[in-house]
Every structure is written in structure tokens, then in C-alpha cells.
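Quick note on labels: first sequence line is chain A, next is B, and so on, each numbered from 1. Reckoned from all heavy atoms, side chains included, excluding hydrogens, waters and symmetry mates.
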There are 2 protein chains.
Amino acid sequence: MSGAIQSLSRAAAILRLLAGGERRLGLSEVATGLGLAKGTAHGILRTLQQEGFVEQDPDSGKYQLGAELLRLGQSYLDVHELRARALVWADDLARAAGETVYLGVLHQRGVLVVHHVFRPDDSRQVLEVGSMQPLHATALGKVLLAYDPVARGELGDGPWEAFTPRTVTEPAALDAQCALVRERGWADAVEETWEGVASVAALIQDRRRNPVGAVCVSGAVETVCEGGAVRPSLVASVRTAARAISRDLGAHRF
Amino acid sequence: MSGAIQSLSRAAAILRLLAGGERRLGLSEVATGLGLAKGTAHGILRTLQQEGFVEQDPDSGKYQLGAELLRLGQSYLDVHELRARALVWADDLARAAGETVYLGVLHQRGVLVVHHVFRPDDSRQVLEVGSMQPLHATALGKVLLAYDPVARGELGDGPWEAFTPRTVTEPAALDAQCALVRERGWADAVEETWEGVASVAALIQDRRRNPVGAVCVSGAVETVCEGGAVRPSLVASVRTAARAISRDLGAHRF
DNA sequence: GACCACCGGTCGGCCATGCCGACCCCACCT
DNA sequence: AGGTGGGGTCGGCATGGCCGACCGGTGGTC
């Protein structure tokens with residue numbers, strides 16, 4: 001893994017910077033934010049703009065992300081094999097469970113949601129495809145951590161952010177949970193990310209048993225849990241769906 | 001508009017190439033596809049991979065788009081001012097019309113869908129945010145063309161692709177339609193893109209009356225049309241929504 | 001099973017390329 | 001009017017990235 005192309009890495013850093021700040025950023029802000037000379041930052045921004053990755057507000061001259069990113073992100077989903085195979089299973093799972101279903105993959109130090117099926121009722125819900133969830137505080141994340149030592153290593157020793165009083169923030173506790181996940185074959189997270197929300201997740205593997213993602217059912221504690229624990233029928237549904245997707249992934253390869 | 005950074009433009013071309021081909025591409029395919037030396041293409045791909053914009057299949061060594069693009073695409077939507085202000089209006093419009101609602105902006109030579117509200121029934125629908133629609137064959141596109149001479153110029157002289165027998169493929173006919181759009185203040189497209197589908201669109205402007213996007217209601221001909229023409233009540237709804245969004249955009253600026 | 005063609009990947013030298021910092025112009029505020 | 005900060009430009013310097021020759025592995029073919 002030898003050197004990277006400087007200007008490209010810098011361009012990526014600029015895009016991430018623009019994605020991070022909620023508002024638009026000016027040229028000087030970008031330059032100082034990354035420790036670049038103004039001229040350098042401008043050259044990169046100009047090129048990114050020509051390519052459609054960045055847009056500039058004509059009034060203020062400030063920069064924000066561009067539409068091409070949305071288009072390419074959509075293309076990513078189109079090509080994504082795991083997602084394509086999981087679509088129908090996720091749908092069935094949501095209907096059977098009567099709850100929201102997420103499909104997540106490991107990305108950087110979090111879980112990237114690549115598919116999201118709304119809870120099958122008529123309530124207003126926002127699509128969360130493309131958003132990130134924390135590894136240590138969600139069922140999806142704990143499944144991926146349990147089966148991916150590299151990801152666990154990269155997460156470090158914490159303590160991690162506590163979103164609720166029940167969030168696991170210490171390495172010893174998290175590793176114990178991961179061991180339990182491996183033993184049982186599924187993970188849960190009851191009010192560890194949001195108050196009142198509980199979820200169950202199971203691993204998806206490719207043909208060579210490599211972990212490639214996870215499915216998860218998520219909903220209100222009152223409907224997902226029963227007597228303090230996750231309803232066994234839900235666990236069964238999630239694990240069945242995960243196995244079905246894994247099998248599906250293995251098949252079409254030969 | 002002086003020179004662009006070579007390596008960045010090339011990286012963008014590679015991403016677009018990967019987005020275009022449905023399947024994964026090998027290093028050599030990328031290199032020859034863009035007329036680059038293998039070493040050069042490899043350097044760019046390596047960097048893109050480190051940044052998460054490209055992923056490599058461990059087995060075949062072939063490349064595909066990476067997850068970071070999805071995340072950034074989502075961030076684009078988060079920041080997008082037009083979309084944020086239009087969310088609630090689009091929702092209302094879909095409920096009132098009982099049909100699908102799209103919100104589109106001009107991007108390259110097409111319409112990029114930045115928001116999509118499902119038709120309010122329980123049918124299975126796929127989210128089309130991030131996908132592109134042709135300018136000459138959709139209501140959204142014709143609105144944007146009618147009010148943006150630059151876009152019209154870039155589209156050239158056709159003849160354009162005919163998706164159905166009713167698609168407008170000749171410049172004279174299209175320009176006449178655009179004139180009509182400007183005169184009436186709205187555009188329609190009845191079975192010009194897909195058989196059996198009709199839509200109505202109206203322009204969204206910012207505070208300085210610049211065209212920034214368009215809203216559109218789309219549905220089956222049988223429900224959208226009445227006696228061969230689009231139902232007037234639908235036209236009114238769409239135009240009202242467009243005006244509301246435009247007003248909303250003008251407000252919060254000062 | 002030996003060959004071959006082609007794959008992805010590496011390396012080092014040469015030189016074009018992109019980086020930098022000083023500079024410009026404009027808008028806004030003092 | 002002057003000052004301060006914004007975005008944007010420019011040209012010289014040297015560094016960073018391009019190229020083409022070169023590896024090692026793999027899958028197909030005869």
C-alpha cells in the first residue's frame with residue numbers, strides 16, 4: 001500500500017469537510033480547515049466544481065457538495081450486490097415482523113445503512129439510506145464488530161460515547177457482548193442508541209463465510225421486547241432472513 | 001475558468017466510468033477505457049480506494065464504486081436547501097393529488113431527482129432519488145428547459161431518443177412546447193417517457209427569480225388525465241405547491 | 001501439464017504538474 | 001476613506017505524479 005496521490009487525498013478531505021459542516025463553507029475556511037494554501041484549495045475546488053462534485057453559491061461564493069455525488073451514490077446502490085439480493089428478503093422481513101428493517105455494511109468506523117424498509121404502517125418516516133450508525137451502540141454494529149476483528153481493532157479502547165444510560169461504553173463490556181453475539185448468532189441493542197428503541201440483528205456472509213453486512217429489525221421497546229428481552233420470534237425471523245440472504249449471495253457466484 | 005487539476009479530472013472520469021458500466025471493471029479496462037497508462041490508472045484507483053470512493057473485489061481484483069459516495073450523496077441531500085424547504089410541501093401535494101411527487105433539479109444534461117414522495121397507497125414502489133430523467137421527455141425536464149436557455153442550448157438540436165411514440169424528438173416541436181410552458185406556467189408530459197404515465201410540473205424559483213428546480217406530479221394516465229388533457233385541479237395543485245416552495249426559498253435568505 | 005496470454009500490481013527516472021505565497025479586486029464595515 | 005476580509009489570479013520553483021518496462025500469479029488452451 002504505497003503512497004496516495006496528494007491532490008486526490010486533499011480533494012477527498014475537502015469533500016468530507018463540506019459533508020461534515022452543516023452549512024456552506026468559504027474558500028478560506030476550507031483552506032485553513034485543512035492547512036492548505038488558498039491557491040491550492042481553490043484549484044481543487046475549481047476542478048471539483050467542474051466535475052459536479054461541488055457547487056458554489058453564486059451570491060456568497062461559498063461551496064457545498066454537488067449533485068454528481070448523489071448520482072454516483074445512487075449508482076453505488078445499483079451495483080451493490082448484497083443490497084440487490086437482500087431487497088426482497090428485507091421486504092418480507094419487515095412485513096413479517098411489522099417493524100422497520102435496516103441493512104448495514106461496515107464503513108470506516110461505523111455502520112453504513114444501504115437499505116431501509118419502512119415499518120409497515122402509515123406513519124411518517126424518513127429514509128435513512130446513506131446515513132451512519134455507531135458500531136458500539138447498535139445491533140447492526142455489534143454483529144459486525146463480533147465477526148470482524150479488524151473493525152474491532154480500529155475502534156480502539158473507548159470509552160465510547162454514551163447515547164443513553166444503557167449504551168455500552170467500556171471495552172470489556174463490549175467484548176463480552178461480542179462474545180455472546182458469536183455464541184448466540186445474533187445481537188440485540190435495547191435502548192442503547194435511542195430511548196425507547198430496541199433492535200435485533202444477524203450476520204450476512206458471502207460464499208466464503210466472510211462477513212459482508214448485517215440485517216436488523218428495529219422498533220419500539222414495547223413491541224420488540226417481551227418481559228425485558230427481545231421476542232424470540234423476532235430473533236428467529238431476523239436470523240432466517242440473514243441466512244436466506246447469505247445463501248442467495250453464495251449461489252449466483254458459480 | 002482556467003485549467004483543472006489533471007489527476008482529479010481523471011479520477012472523476014474513472015468514477016463516472018465505474019458508475020456507467022453495470023458490472024465491475026478491471027484495472028486494464030479502466031486504463032484503456034480512458035486512454036491512460038496502467039500505472040497511472042492504478043495510482044488513482046489506489047487512492048480512491050483508500051478514501052473509500054472505490055472498492056475492490058478481493059477475488060477478481062476488479063473495481064466498483066465505494067460506500068463513501070453513498071454517504072456523501074446523503075450529505076448532499078442534507079445540505080440541499082431547495083429540498084429541505086420543499087419536503088413538507090411535496091408531502092402535502094402527494095396527499096392532495098393522490099399521486100407520486102418528484103422534485104428535480106437540472107444536472108448535466110438531465111433532471112436529477114432530489115426528492116420523491118410515494119403515491120399514497122400501499123403499492124410497492126422504489127425510491128428514485130438520485131436517478132436521472134431525460135430533459136426532453138418529462139414534465140420536469142420541459143419546465144427546466146423552458147426557463148433555462150443555457151440548458152436548452154446544451155441539449156443541442158436532436159433528434160432525441162424516442163421512449164414512446166409520443167416522445168418529442170424534434171427541436172422545433174420541443175421549442176414550441178417550451179414556449180407554451182412559459183405562456184401557461186406549467187408543463188405536462190402524457191405518455192412521453194413511459195406508456196401509461198402522465199405528469200404535470202411547475203417551476204421553482206429562488207428569491208431572484210432564477211429557476212432552481214421543478215415539482216411534478218406523476219401517475220397513471222387514467223387518473224391524471226380527463227378527456228385527453230391533464231385534470232385542471234392537478235395543475236392548480238402543482239402550481240400552488242411550486243409557488244409555495246419558491247416563496248419559502250425567498251424568505252429565509254435575509 | 002507445459003505453455004502462453006493476460007491479469008493486477010510495482011518501481012524508478014524524468015519532467016510536466018500542481019503547489020505555494022504574493023498579489024488583485026471587490027464588498028462590507030468602521 | 002480607509003481598513004479588513006472575502007474570493008480569485010498568477011508565475012516561478014521543485015515536487016509530485018505520470019509513464020512504460022517489468023514482476024508474479026492465474027486461468028485458459030492445446
Whole-Å distance, B/L25 CG to C/dG8 P, equals 10 Å
Whole-Å distance, B/D57 CG to C/dC7 P, equals 17 Å
Within the 4.5 Å heavy-atom criterion, are B/L8 and A/L8 side-chain neighbours or not?
yes
Taken to the nearest whole Å, CG/B/L8 to C1'/C/dG18 is 10 Å
Are any of A/S7's side-chain N or O atoms less than 4.0 Å away from OP1 or OP2 of D/dG17? yes
Original post:
Is any side-chain N or O of A/S28 closer than 4.0 Å to OP1 or OP2 of D/dG7?
Top reply: yes
Side-chain N or O of B/R10 closer than 4.0 Å to phosphate OP1/OP2 of D/dC19: yes
Per atom distances to the A/Q6 side chain, the nearest of D/dG16, C/dG18, C/dG9 is D/dG16
Which part of the nucleic acid, if any, lies within reach of A/G39 when heavy atoms closer than 4.0 Å are counted: base, sugar-phosphate only, or nothing?
base
Quiz item: Does the side chain of B/H42 get closer than 4.0 angstrom to OP1 or OP2 of C/dT10 through an N or O atom?
Solution: yes
note: A/I44, atom CD1; D/dG7, atom P; distance rounded to Å ~ 16 Å
Would you tell me if any nitrogen or oxygen in the side chain of A/Y63 comes within less than 4.0 Å of OP1 or OP2 on D/dG6? no
Tightest non-hydrogen contact, residues A/V143 and A/V181, listed as CA-CG1, 4.3 Å
Presence of B/Q56 side-chain N/O under 4.0 Å of C/dG9 phosphate oxygens OP1/OP2: yes
When rounded to whole Å, the CZ to C1' distance for the pair A/R46 and C/dC20 reads 14 Å
Here the distance between atom P of C/dC7 and atom CZ of B/R24, to the nearest Å, is 18 Å
From CD of B/E29 across to C1' of C/dG8 the rounded distance in Å is 12 Å
Does the ring centre of B/F163 sit less than 6.0 Å away from the ring centre of B/H136? yes
In terms of heavy-atom contacts, B/V117 and B/A90 come closest through CG2-CB, 3.8 Å
request  = Take atom CZ of A/R209 as the centre, draw a 6.0 Å sphere, and report whether it contains more than 12 heavy atoms from other residues, nucleotides or ligands.
outcome  = no
Whole-Å distance, A/L27 CG to D/dT9 P, equals 10 Å
